[in-house]
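Remarks on the structure that follows.
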Amino acid sequence: MRVVVIVKATAESEAGIMPSEQLLADMGRFNEELVKAGIMLAGEGLHPSSRGARVTFDGKNRTVTDGPFAETKELIAGFWLWQVRSMDEAIEWVKRCPNPMPGTSDIEIRPVFEADDFGEEFTPELRARDERLREQLAGN
């Protein structure tokens with residue numbers, strides 16, 4: 001199963017406070033463990049929301065709101081994409097992670113939808129298109 005592991009933002013990360021050299025080294029070692037174990041597929045840190053934008057959809061209308069965004073607890077500071085055998089395995093890996101922020105921080109784990117999760121609505125034609133796109137991505 002694939003999971004997205006979401007590092008939640010804090011007031012410090014939203015203020016643009018960069019991680020210490022020690023934390024960068026610790027995270028680098030943790031990422032090496034993930035890669036060696038065949039778990040990590042991707043992972044990145046994100047700039048504060050002040051450098052981002054949101055697009056709100058309402059029918060055919062689109063509204064763009066520039067950051068920063070007020071609710072820090074709802075923001076993301078970084079992510080990994082992991083391939084694991086189970087949610088329990090993902091939890092065990094997260095528990096080994098260095099604390100990504102000074103003080104209290106949260107990491108959320110969310111399963112990624114797989115083709116079979118969509119049921120009959122994901123027709124053979126839609127599946128074939130999805131597979132073609134994934135093959136193109138793998139070739140880049």
Side-chain angles (χ1 to χ4, degrees):
M1 90 186 280
R2 291 178 303 154
V3 295
V4 173
V5 179
I6 302 164
V7 178
K8 296 299 203 118
T10 63
E12 291 83 7
S13 68
E14 277 297 291
I17 296 172
M18 298 301 288
S20 68
E21 181 180 343
Q22 183 63 53
L23 179 55
L24 290 171
D26 292 346
M27 277 297 186
R29 281 190 291 278
F30 181 66
N31 285 338
E32 284 177 9
E33 289 181 51
L34 292 168
V35 170
K36 286 178 185 174
I39 301 291
M40 185 170 162
L41 302 175
E44 301 293 339
L46 302 174
H47 282 278
S49 68
S50 60
R51 305 224 11 220
R54 283 188 179 154
V55 179
T56 302
F57 291 73
D58 184 8
K60 293 185 178 190
N61 297 319
R62 308 294 185 264
T63 304
V64 177
T65 305
D66 292 329
F69 307 115
E71 286 296 321
T72 302
K73 66 182 180 180
E74 301 298 326
L75 299 176
I76 298 170
F79 71 93
W80 287 281
L81 179 61
W82 292 352
Q83 180 75 45
V84 293
R85 290 184 295 277
S86 66
M87 183 63 88
D88 287 340
E89 181 183 21
I91 291 168
E92 288 306 312
W93 275 102
V94 168
K95 286 166 63 176
R96 295 172 55 187
C97 180
N99 186 348
M101 303 289 174
T104 303
S105 62
D106 291 310
I107 295 180
E108 181 178 330
I109 307 166
R110 303 266 303 272
V112 174
F113 274 110
E114 301 294 346
D116 291 342
D117 295 329
F118 292 106
E120 294 178 16
E121 289 79 9
F122 200 44
T123 65
E125 296 80 15
L126 293 173
R127 285 176 188 257
R129 181 184 66 186
D130 187 64
E131 289 172 16
R132 281 192 308 275
L133 289 173
R134 290 182 188 281
E135 287 171 8
Q136 287 177 348
L137 284 171
N140 288 337

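This is a predicted model, so every value here is computed, not measured.
- Note: R54 CZ to D66 CG = 11.5 Å, rounded to the nearest 0.5 Å.
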Check the pair F57, R62 against side chain to side chain contact (heavy atoms under 4.5 Å, CB included), reporting the backbone distance first and the verdict last. CA-CA 5 Å; F57 291 73; R62 308 294 185 264; 2.7 Å; yes
Let me see the working for Q22 and S20 under side-chain hydrogen bond (donor to acceptor under 3.5 Å, both in side chains), right down to the final yes or no. CA-CA 5 Å; Q22 183 63 53; S20 68; over 6 Å; no
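- When every heavy atom of S13 is checked against every heavy atom of A77, the shortest pair comes out as OG-CB, 4.1 Å.
- Follow the hydrophobic side-chain contacts under 4.5 Å out from L81 and you never reach I109; the two are in separate clusters.
- To the nearest 0.5 Å, the span separating CG on L137 from CD on E135 amounts to 10.5 Å.
- For R51, the CZ atom is loosely surrounded, since the number of other residues' heavy atoms within 6.0 Å does not exceed 12.
- Connection of V3 to I76 is not established within any shared hydrophobic cluster, with ILVMFWY side chains joined at heavy-atom distances below 4.5 Å, either directly or through further cluster members.
- Rounded to the nearest 0.5 angstrom, M1 CE and E114 CD are separated by 8.0 Å.
- For the pair W93/W80, no side-chain contact is recorded, criterion being any heavy-atom separation below 4.5 Å from C-beta on.
- Under the side-chain contact (heavy atoms from CB on, under 4.5 Å) test applied with I107, the options I91, V5, N99, I6 reduce to a single match, V5.
- Side-chain contact annotation: E125 with T123, donor-acceptor N/O pair under 3.5 Å present.
- Listed by first then second residue, pairs satisfying salt bridge (Lys or Arg N to Asp or Glu O under 4.0 Å) with a partner in residues 15-25 number zero, not counting sequence neighbours.
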Assess whether side chain to side chain contact (heavy atoms under 4.5 Å, CB included) is satisfied between T63 and D58, documenting all intermediate values. CA-CA 8 Å; T63 304; D58 184 8; over 6 Å; no
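- A salt bridge links E92 to K95: at least one charged side-chain nitrogen sits closer than 4.0 Å to a carboxylate oxygen.
- The minimum heavy-atom distance linking F69 with S49 is given by the pair N-OG, 3.1 Å.
- The side-chain contact (heavy atoms from CB on, under 4.5 Å) with W82 is formed by just one residue from the set V112, L34, L41; it is L34.
- Taking all atoms of both residues into account, the shortest heavy-atom contact from P98 to M27 is O-CE, 3.5 Å.
- The shortest side-chain heavy-atom distance between L126 and E121 does not fall under the 4.5 Å cut-off.
- Among pairs with a residue in residues 102-111, those fulfilling salt bridge (Lys or Arg N to Asp or Glu O under 4.0 Å) read K8-E108, E108-R110, at least two apart in sequence or across chains.
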CA sep, side-chain torsions, deciding dist, call: V7, M101, side chain to side chain contact (heavy atoms under 4.5 Å, CB included): CA-CA 9 Å; V7 178; M101 303 289 174; 4.0 Å; yes
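- Across all non-hydrogen atoms, the minimal contact from L23 to P100 is CD2-O, 3.3 Å.
- Under the 4.5 Å side-chain heavy-atom criterion for Ile, Leu, Val, Met, Phe, Trp and Tyr, V94 and V35 are members of the same hydrophobic cluster.
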Using the rule given for side chain to side chain contact (heavy atoms under 4.5 Å, CB included), can you reason through L24 versus M18, listing the C-alpha separation, both sets of side-chain angles and the distance that settles it, and then say yes or no? CA-CA 10 Å; L24 290 171; M18 298 301 288; over 6 Å; no
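- By the 6.0 Å contact criterion, CD on E44 is open, its count of non-hydrogen atoms from other residues, nucleotides or ligands being 12 or less.
- Put simply, CG on L46 and CG on L75 are 10.0 Å apart, with the number rounded to the nearest 0.5 Å.
- A salt bridge does not link R127 with D130: every distance from a Lys NZ or Arg NE/NH1/NH2 to an Asp or Glu carboxylate oxygen is 4.0 Å or more.
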